[in-house]
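These notes concern the structure reproduced below.
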Number of protein chains: 2
Amino acid sequence: MTATKKRRREPPRSYHHGDLRRSLIEAALELLAEEQNWTFSLREVARRARVSHNAPYNHFADKQQLLAAVAASGFLTLRDRMRKAIEGVDRPDAALVKTGVVYVRFGIENPAFYKLMFGSVLGSGEAERPEDLVEAADAAKSVLTGIIERGASSAVFPGLRNDPKRIQLASLAAWSLVHGFTMLAIDGLADGLPRRAFNAAAEQAAKTLVAGLKGSPE
Amino acid sequence: MTATKKRRREPPRSYHHGDLRRSLIEAALELLAEEQNWTFSLREVARRARVSHNAPYNHFADKQQLLAAVAASGFLTLRDRMRKAIEGVDRPDAALVKTGVVYVRFGIENPAFYKLMFGSVLGSGEAERPEDLVEAADAAKSVLTGIIERGASSAVFPGLRNDPKRIQLASLAAWSLVHGFTMLAIDGLADGLPRRAFNAAAEQAAKTLVAGLKGSPE
DNA sequence: CCATAATGTGGGCGTTGTCAACATAGGAGT
DNA sequence: ACTCCTATGTTGACAACGCCCACATTATGG
């Protein structure tokens, strides 16, 4: 697919839009950033993209599916940011802390976006979870898991004993910590921490967990 | 002439309801449990309580306020469960682990309820957060904080040095861990852990953090 | 005993999500 | 080139929603 399509100079003023699917996702992202929630209507998204209120249904089965696509894109950019953040870092313990800080910052800087990623579809009680979304979420998690695996195999985290089961649990704990921290910070439940103290607090929290991983097994 | 009053009859179901406010909250809880989300309409809640679609507005400014009341009640029962769980436990480290497990279990057993507590109002981008709700959330958190304070003053968590600032951060980290773990578990992102493994996993995660707290300061 | 607040009812407005029917454009096969 | 198919867009409609209004009914206290 994506063979070389004829690049018509004709701008998308025609009846057909060109790449409406992407436009809709971008419009949704705009609204999300402006209103800091996803209560905007599908019709409003369509208006932004200058199409009729029913055009979106050619690309998304319903509003949920559009939100799911937005959420998936969020997980992917989050993954990329974490990857970039640890490009030069060798020590797994340092990398883990760094990743946590970047993760939390992403959430705090895009609160509504971050909440949407987890809140709009994943936990909405729908048994039907779009494949793309779950994949994207796993891709983000795999950054954490990868670091912990390296730490386990290089004996930086001796408590894990290089045991896949323990590694899995530790990764889950790490994700839990950063995810929970981010959520609480966004929700304004992180005590009276001033805005710029979040980074330090996140770093401290991550270090506490890493200290636990460095220790011997219980 | 038309306004003839027949007030000799007095069934318990009079024009006024009695305690509609509570009934509405209970109806909302029912719907929440049944549908596992809070997309139900305010009118549906009113129907459950057998009142007109406008009666709720005498007790709640809007739908959000009703959900906020439901959320607040959730935080209070969560607090109670945690308190009860550690009634006989003396050692702060054991109490902390126990509390975490109970916390996670509450969330997993009432997934939609738990998500509502954090998702419907707190993080909805509204600057206006009902006082009751924030208070109730703090009350739940205070159980964790209380344990960590005891651990700090009794030198079970020497890393904290009995320093209020460090205690605050550690409490936040603890809450982050259990909150994040619960959310991920609810969202089905906790790997392929079988349902009954959650307890063990939660316990392990909590222990890892506690191990970090027990260690010396960095 | 009645004025007034508290509480519940019915009607209505503008908007929403989604369905159905129809219109248009671009390609594939002949 | 012509036709037909399919992807994609449009308009129209409907029931349901949140919330506002005016009004009805009860409770209360001066």
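Letters go in sequence order (proteins before strands), and every chain restarts at 1.
A donor-acceptor contact under 3.5 angstrom links the side-chain atoms of A:Asn58 to the base of D:dG9. Taking 3.5 Å as the limit, the base of D:dG18 and the side chain of B:Asn54 contain no donor-acceptor pair of atoms between them. Checked by distance alone, B:Arg21 brings no side-chain donor or acceptor within 3.5 Å of a matching partner on the base of C:dT7.
For D:dG9, neither phosphate oxygen OP1 nor OP2 lies less than 4.0 angstrom from any side-chain nitrogen or oxygen of A:His53. Within the structure, a side-chain polar atom (N or O) of A:Arg47 is placed less than 4.0 Å from OP1 or OP2 of C:dT16.
Listed candidates were D:dC19, D:dA13, C:dT9. Nearest to the side chain of B:Ala55 is C:dT9. If you check C:dT9, D:dT10, D:dC19 against the side chain of B:Leu42, the one that comes closest is D:dC19. Considering only side-chain atoms of A:Lys63, the nucleotide from C:dG8, C:dG12, C:dG17 that sits closest is C:dG17.
The CZ atom of B:Phe75 sits 12.5 Å away from atom CG of B:Asp132, with the distance rounded to the nearest 0.5 Å. Distance check, rounded to the nearest 0.5 Å: CZ of B:Phe113 to CG of B:Leu29 gives 5.0 Å.
Heavy-atom neighbours of A:Arg47 CZ from other residues, nucleotides or ligands within 6.0 Å: above the threshold of 12.
Looking at A:Trp38 and A:Val70, their side chains never come closer than 4.5 Å, going by heavy atoms from C-beta outward.
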